[in-house]
Asker: 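Please see the structure below; I have some questions.
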Amino acid sequence: MKIEVTLPDGSVRQYEEGATAMDVARSISEGLARNVLSAKVNGEVRDAERPLPGKCELQLLTWNDPEGRSTMWHSSAHLMAEALEALYPGIKFGIGPPIEHGFYYDVDLGDRVITDKDFPAIEAKMKELAAKKSAYVRSEVPKAEAIEYFSEKGDEYKLELIEGLQDGEITFYQQGDFVDLCRGPHIPDTSYIKAVKVLSIAGAYWRGDENRKQLTRVYGITYPKQKELDAFLAMIEEARKRDHRKLGRELDLFTFSEKVGAGLPLWLPKGAALRERLINFMKAAQEKDGYEQVVTPHIGGRQLYVTSGHWEKYGKDSFRPITTPHDGEEFLLKPMNCPHHCEIYASRPRSYKDLPLRLAEFGTVYRYEQSGELHGLTRVRGFTQDDAHLFCRPDQVKDEFIKVIDLVLKVIKALDLGDFEAQISLRDKVDRSKYIGSESNWEKAEQAIIDAAKEKGLPTVVEYGEAAFYGPKLDFMIKDALGRKWQLGTIQVDYNLPERFELEYVGSDNLKHRPVMIHRAPFGSLERFVAVLIEHHAGRFPLWLTPEQAILLPISDKYLDACLDIARSLKDSDIRASVDERNEKIGRKIRDAELARIPFMLIIGEKEAEQGTVSVREHGQGDLGPMSPQAFADLVNERVKVQLGGL
RNA sequence: GCCUUUGUAGCUCAGGGGUAGAGCACUUCCUUGGUAAGGAAGAGGUCAGGGGUUCAAUUCCCCUCAAAGGCUCCA
């Protein structure tokens with residue numbers, strides 16, 4: 001009896017019954033077999049050495065497949081657990097899954113404490129155990145037997161996990177002396193793990209519940225080759241160098257003050273000017289799309305948020321209301337701009353001919369974030385959104401949505417953000433209690449987003465349960481230069497607020513209708529956006545945005561006046577340039593300008609002064625040779641024009 | 001908010017129960033130098049803030065604030 005196996009390329013091969021994915025790999029090539037970590041059988045990832053279930057579709061997974069890497073890292077978590085148990089007998093184990101980069105294992109160390117000084121010993125033990133080439137052996141275990149095993153071992157965490165499982169679906173995996181409750185799958189044996197690094201430790205609550213015991217979470221990563229591990233560690237190092245908190249200080253963009261308060265950034269002149277350029281860019285783009293700027297106060301009466309629903313939903317987790325001294329009137333720092341904008345809409349009767357009404361505001365909002373959550377500019381308590389609300393007729397939703405998508409794409413291009421993915425966030429498929437608004441409105445909104453994304457041909461991924469409580473969203477997740485994902489622009493359809501604020505317009509039928517609202521913020525928040533720009537570009541902003549486009553470097557102070565003259569003329573051509581007036585040698589001035597990431601250095605000495613030229617050196621590139629100041633200005637302005645795409 | 005760790009000059013960091021150290025940055029002077037660090041001198045700190053123990057605390061203990069990593073959360 002033969003079984004038929006269909007491979008991803010569509011080819012069909014015949015194997016003996018009981019053949020494994022590894023047998024299939026070997027029949028193709030020995031080299032492939034050596035690299036197979038696990039296999040996807042009819043869509044399910046399984047051990048490579050488990051017999052195939054019969055006729056099936058098979059994909060062999062190697063290190064090049066995300067699922068292959070996950071298998072490897074999952075097995076590595078077991079290896080690390082084995083090492084930890086060998087080093088610290090009697091410790092108990094929580095869970096140990098693979099994650100995006102590597103894996104972790106939550107352990108209860110009892111009275112023991114481990115620190116990063118212990119990492120080398122753990123790594124050495126892992127390598128020693130890996131070299132034994134122990135197979136990962138799967139076994140199906142009756143529930144009673146599983147309970148008995150972990151009762152004897154005294155591991156209450158595993159026992160709790162087993163309690164939640166049905167008899168008959170419990171499997172153990174064993175490698176070497178280490179036995180673990182595990183669904184699998186795993187790599188064939190430990191020898192695939194060649195390069196090992198324990199990365200960090202942190203506290204983590206058992207089952208994510210802050211009322212339960214805190215375990216020690218040990219993070220690690222492994223690779224099949226040392227070279228790949230080295231590259232990963234180099235990437236971590238690069239990320240550390242690009243950290244916006246460090247670069248923000250070095251580039252004089254922003255700072256924080258204990259007295260002002262945590263999570264409340266102070267923008268320095270250079271950072272504020274950079275923000276202004278971003279704002280002006282967005283205003284120009286929005287003007288073309290028919291937006292109108294509005295301005296609203298930083299606070300709003302409590303009733304405004306009762307009407308919007310935010311009070312009920314977030315009142316407990318907001319800054320406390322501020323009150324007037326005598327009458328006790330309550331106001332909230334605004335956590336969003338939309339309620340204010342709704343009131344602008346409601347300030348007079350609207351006709352269907354007025355729609356869409358596009359109200360834009362760079363509105364600063366304040367949200368209480370837990371102190372442990374604050375992080376540089378990416379998680380703050382006060383931030384400015386490039387917010388706008390589009391009030392439109394139901395038949396205009398899709399077109400408006402598409403125009404917003406185009407705007408976001410313009411931003412991505414002008415700021416050289418590269419790869420992105422559009423995440424469509426819909427309701428949780430099961431639990432609908434956390435959402436407000438009618439079923440039919442939700443369905444309409446979700447469909448409008450799906451249609452618009454499809455029509456623009458965006459690379460999309462759908463996430464259930466990620467929607468806002470008032471409506472579905474389309475979030476742009478950009479991938480930065482180091483491959484990290486960030487959520488930036490967001491577009492959200494909202495059928496709910498217009499209802500709560502009883503917004504209306506008079507239709508062509510002379511009847512009252514309810515408008516649909518689209519919330520959108522292409523940058524998201526300026527704070528977060530600038531943080532991502534800093535890290536993505538490693539502080540080397542696009543020329544149009546960067547604080548200083550050029551610096552003039554006199555060879556000696558004999559040429560200082562010439563430099564000051566040229567700086568003035570460049571300013572007339574809209575170039576941001578300064579002069580290094582310090583009494584230093586040219587090598588030093590160049591070094592400091594390179595470190596300050598200034599795109600162009602203009603060197604002026606005897607030769608240039610005579611010829612009326614500047615010698616241009618480009619950051620990171622080197623000497624471009626001499627040219628006239630005007631030619632340089634044209635060069636810069638031309639590049640800026642291309643970057644801005646005609647805005 | 002919770003857990004762990006940390007807080008010494010503008011920055012990066014050393015030190016340690018007995019009046020505080022380095023490098024870089026800064027100021028002044030010398031040097032006028034051609035594509036990534038010229039030389040010298042000087043100034044700069046209530047050792048995060050508050051309380052306690054001690055003859056004596058920057059150092060040990062407690063509290064508060066802030067930061068780092070993680071957990072939970074994120075309109």
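Computed from a prediction, not measured in an experiment: that's the story for all the values here.
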Asker: For atom NZ of A:Lys589, is the number of surrounding heavy atoms from other residues, nucleotides or ligands below 6.0 Å larger than 12?
Answerer: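 Atom NZ in A:Lys589 is crowded, with more than 12 foreign heavy atoms closer than 6.0 Å.
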Asker: Can you tell me which nucleotide in B:rA36, B:rA75, B:rG1 comes closest to the side chain of A:Met336?
Answerer: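 From the listed options, B:rA75 comes nearest.
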Asker: Of all the choices, B:rC74, B:rA36, B:rA66, which nucleotide is nearest to the side chain of A:Glu369 once you look at every atom?
Answerer: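 Given the options B:rC74, B:rA36, B:rA66, the side chain of A:Glu369 is closest to B:rC74.
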Asker: For B:rC55 and B:rU64, measure between their C1' atoms and round to the nearest Å.
Answerer: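 Pairwise C1' distance, B:rC55 against B:rU64, rounds to 29 Å.
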Asker: Do the side-chain N or O atoms of A:Arg217 get closer than 4.0 angstrom to the phosphate oxygens (OP1, OP2) of B:rC71?
Answerer: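 For B:rC71, OP1/OP2 do have a side-chain N/O of A:Arg217 under 4.0 Å.
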Asker: In this structure, how many angstroms lie between the P atom of B:rU27 and the CD atom of A:Glu584, rounded?
Answerer: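 Result: 11 Å.
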Asker: Given the C1' atoms of B:rU8 and B:rG15, what is the spacing between them in whole Å?
Answerer: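 These two C1' atoms come out 9 Å apart once rounded.
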Asker: Counting heavy atoms not belonging to A:Glu100, are there more than 12 under 6.0 Å from its CD?
Answerer: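 Counting neighbours around CD of A:Glu100, 12 or fewer heavy atoms of other residues, nucleotides or ligands fall under 6.0 Å, so no.
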Asker: Given atom NZ of A:Lys585 and atom C1' of B:rU32, what is their separation to the nearest angstrom?
Answerer: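 Result: 10 Å.
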Asker: State the pairing partner of B:rC71; accept Watson-Crick or G-U wobble contacts with both distances under 3.5 Å, and report none otherwise.
Answerer: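 B:rC71 is paired, partner B:rG1.
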Asker: Taking OP1 and OP2 of B:rU72, is either one under 4.0 Å from a side-chain nitrogen or oxygen of A:Tyr205?
Answerer: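 It does not, given that no N or O in the side chain of A:Tyr205 lies less than 4.0 Å from OP1 or OP2 of B:rU72.
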Asker: If B:rU19 has a Watson-Crick or G-U wobble mate with both distances under 3.5 Å, name it; if not, just say none.
Answerer: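 Pairing partner, where one exists within any strand: none, as none qualifies.
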Asker: Can you work out whether A:Ser318 or A:Ser615 has the more 5'-proximal nearest nucleotide on RNA chain B?
Answerer: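 The 5'-side residue here is A:Ser615.
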Asker: Give a yes/no on whether any side-chain N or O of A:Arg240 is located under 4.0 angstrom from OP1 or OP2 of B:rA68.
Answerer: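 False: A:Arg240 side-chain N/O out of range (4.0 Å or more) of B:rA68 OP1/OP2.
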Asker: Which whole-number value in Å describes the distance from A:Asp106 CG to B:rU72 C1'?
Answerer: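 These atoms are roughly 14 Å apart.
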Asker: Sort out the partner of B:rU28 for me: Watson-Crick or G-U wobble, both distances under 3.5 Å, none otherwise.
Answerer: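 With both distances under 3.5 Å, B:rU28 matches B:rA40.
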Asker: B:rG70, B:rG1, B:rA75: which one has an atom nearest the side-chain heavy atoms of A:Arg367?
Answerer: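 Side chain of A:Arg367 sits closest to B:rA75.
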Asker: Whole-Å distance between B:rA68 P and A:His244 NE2?
Answerer: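 So the two atoms are 9 Å apart, to the nearest Å.
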Asker: Compare the minimum distances between each of B:rC73, B:rG33, B:rG34 and the side chain of A:Ser556, then state the nucleotide with the smallest one.
Answerer: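 Of all the options, the side chain of A:Ser556 is nearest to B:rG33.
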Asker: Whether A:His375 contacts B:rG69 is assessed here as follows: a side-chain N or O lying under 4.0 Å from the phosphate OP1 or OP2. Is that the case?
Answerer: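 For B:rG69, OP1 or OP2 has a side-chain N or O of A:His375 closer than 4.0 Å.
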Asker: Just by modelled atom types, is the A:Glu369 backbone N or O under 3.5 Å from a matching donor or acceptor in the A:Arg381 side chain?
Answerer: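 Yes, A:Arg381 side chain to A:Glu369 backbone: donor-acceptor pair under 3.5 Å.
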Asker: A:Glu250 near the nucleic acid: base, sugar-phosphate alone, or nothing, with a heavy-atom cut-off under 4.0 Å?
Answerer: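 No contact at all - A:Glu250 keeps every heavy atom at 4.0 Å or more from the nucleic acid.
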Asker: Classify the side chain of A:Arg617 versus the base of B:rA36 as yes if they form a donor-acceptor pair under 3.5 Å and no if they do not.
Answerer: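 Pair found.
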Asker: Any strand is fair game: report the nucleotide pairing with B:rA66 by Watson-Crick or G-U wobble, both distances under 3.5 Å, or none.
Answerer: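 With both distances under 3.5 Å, B:rA66 matches B:rU6.
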Asker: In whole angstrom, what separates A:Lys316's NZ from B:rG1's C1'?
Answerer: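 Rounding to the nearest Å, NZ of A:Lys316 and C1' of B:rG1 are 16 Å apart.
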Asker: Tell me whether A:Glu446 is salt-bridged to A:Lys429, with the criterion being a basic N under 4.0 Å from an acidic carboxylate O.
Answerer: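 Not counted as a salt bridge, because no side-chain N and carboxylate O are separated by less than 4.0 Å.
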Asker: Under a 4.0 Å N-O cut-off, is there an ion pair linking A:Glu250 with A:Lys246?
Answerer: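 Yes, this pair counts.
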Asker: If I pick the P atom on B:rG44 and the same atom on B:rU28, what distance separates them, to the nearest angstrom?
Answerer: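 It works out to 16 Å between them.
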Asker: Provide, to the nearest angstrom, the distance between the CE atom belonging to A:Met601 and the P atom belonging to B:rA36.
Answerer: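 Rounded to whole Å, this separation is 10 Å.
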Asker: Mind checking if A:Lys589 touches a base, just sugar-phosphate, or nothing, with heavy atoms under 4.0 Å?
Answerer: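 Answer is nothing: A:Lys589 stays at 4.0 Å or more from every strand.
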Asker: Quick one: which of B:rA68, B:rA36, B:rG34 gets closest to the side chain of A:Glu606?
Answerer: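 The answer is B:rG34.
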Asker: What does A:Gly605 touch in the nucleic acid at a heavy-atom separation under 4.0 angstrom: a base, only the sugar-phosphate, or nothing?
Answerer: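 Here A:Gly605 touches the bases of the nucleic acid.
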Asker: With a 4.0 Å cut-off on heavy atoms, is A:Tyr219 in touch with a base, just the backbone sugar-phosphate, or nothing at all?
Answerer: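 Result for A:Tyr219 = sugar-phosphate.
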Asker: Using the C1' atom as the reference point in each nucleotide, state the distance between B:rC74 and B:rA22 in Å, no decimals.
Answerer: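 The same atom, C1', in both gives a distance of 44 Å.
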Asker: In whole Å, what separates the C1' atom of B:rA20 from that of B:rU58?
Answerer: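 My reading of the C1' atoms in B:rA20 and B:rU58 gives 9 Å.
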Asker: Salt bridge check: are A:Arg617 and A:Glu594 linked by an N-O gap of less than 4.0 Å?
Answerer: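 Salt bridge between A:Arg617 and A:Glu594, a charged N being under 4.0 Å from a carboxylate O: yes.
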Asker: Between B:rG69 and A:Ser200, is there an OP1 or OP2 to side-chain N/O distance shorter than 4.0 Å?
Answerer: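 It does not, given that no N or O in the side chain of A:Ser200 lies less than 4.0 Å from OP1 or OP2 of B:rG69.
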Asker: Does the B:rC2 base have a donor-acceptor partner in the side chain of A:Glu373 within less than 3.5 Å?
Answerer: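 Answer no: no donor N or O sits under 3.5 Å from an acceptor.
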Asker: How many Å lie between CG on A:Leu595 and P on B:rU35, as a whole number?
Answerer: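 Spelled out: CG on A:Leu595 to P on B:rU35 is 17 Å.
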Asker: Main chain of A:Met477, side chain of A:Glu421: is a donor-acceptor contact present, judged purely on distance under 3.5 Å?
Answerer: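 The answer is no, because no donor-acceptor pair under 3.5 Å joins these two groups.
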Asker: Taking for each residue the nucleotide of RNA chain B with the nearest heavy atom, is it A:Glu258 or A:Gly622 whose nucleotide lies nearer the 5' end?
Answerer: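 Looking at RNA chain B, the more 5' nearest nucleotide goes with A:Gly622.
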Asker: Please work out if A:Ile586 contacts a base, only the sugar-phosphate, or nothing of the nucleic acid, heavy-atom cut-off 4.0 Å.
Answerer: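 Touches sugar-phosphate only.
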Asker: Roughly how far, to the nearest 0.5 Å, is the NZ atom of A:Lys485 from the NZ atom of A:Lys479?
Answerer: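 That separation rounds to 6.5 Å.
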Asker: Under 3.5 Å, is there an N or O donor on one side and an acceptor on the other linking the side chain of A:Glu608 and the base of B:rG34?
Answerer: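 Answer yes: a donor N or O sits under 3.5 Å from an acceptor.
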Asker: How long is the line joining CG of A:Asp243 and P of B:rU12, in whole Å?
Answerer: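 Rounding to the nearest Å, CG of A:Asp243 and P of B:rU12 are 12 Å apart.
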Asker: When only distance counts, do a donor and an acceptor, one from the side chain of A:Arg379 and one from the base of B:rC73, lie under 3.5 Å apart?
Answerer: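 Donor-acceptor pair under 3.5 Å: yes.
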Asker: Please state the P separation for the pair B:rG17 and B:rG52 - nearest whole angstrom.
Answerer: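 Between the two P atoms, the distance is 22 Å.
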Asker: Can you tell whether the side chains of A:Glu466 and A:Arg427 come within less than 4.0 Å, N to carboxylate O?
Answerer: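 A:Arg427 and A:Glu466: not salt-bridged.
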Asker: What distance, rounded to whole Å, do you find between the two P atoms, one in B:rU5 and one in B:rU19?
Answerer: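 Looking at atom P only, B:rU5 and B:rU19 are 30 Å apart.
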Asker: With rounding to whole Å, what would you report as the distance between B:rG16 and B:rC26 at their C1' atoms?
Answerer: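 Each nucleotide's C1' atom is 28 Å from the other's.
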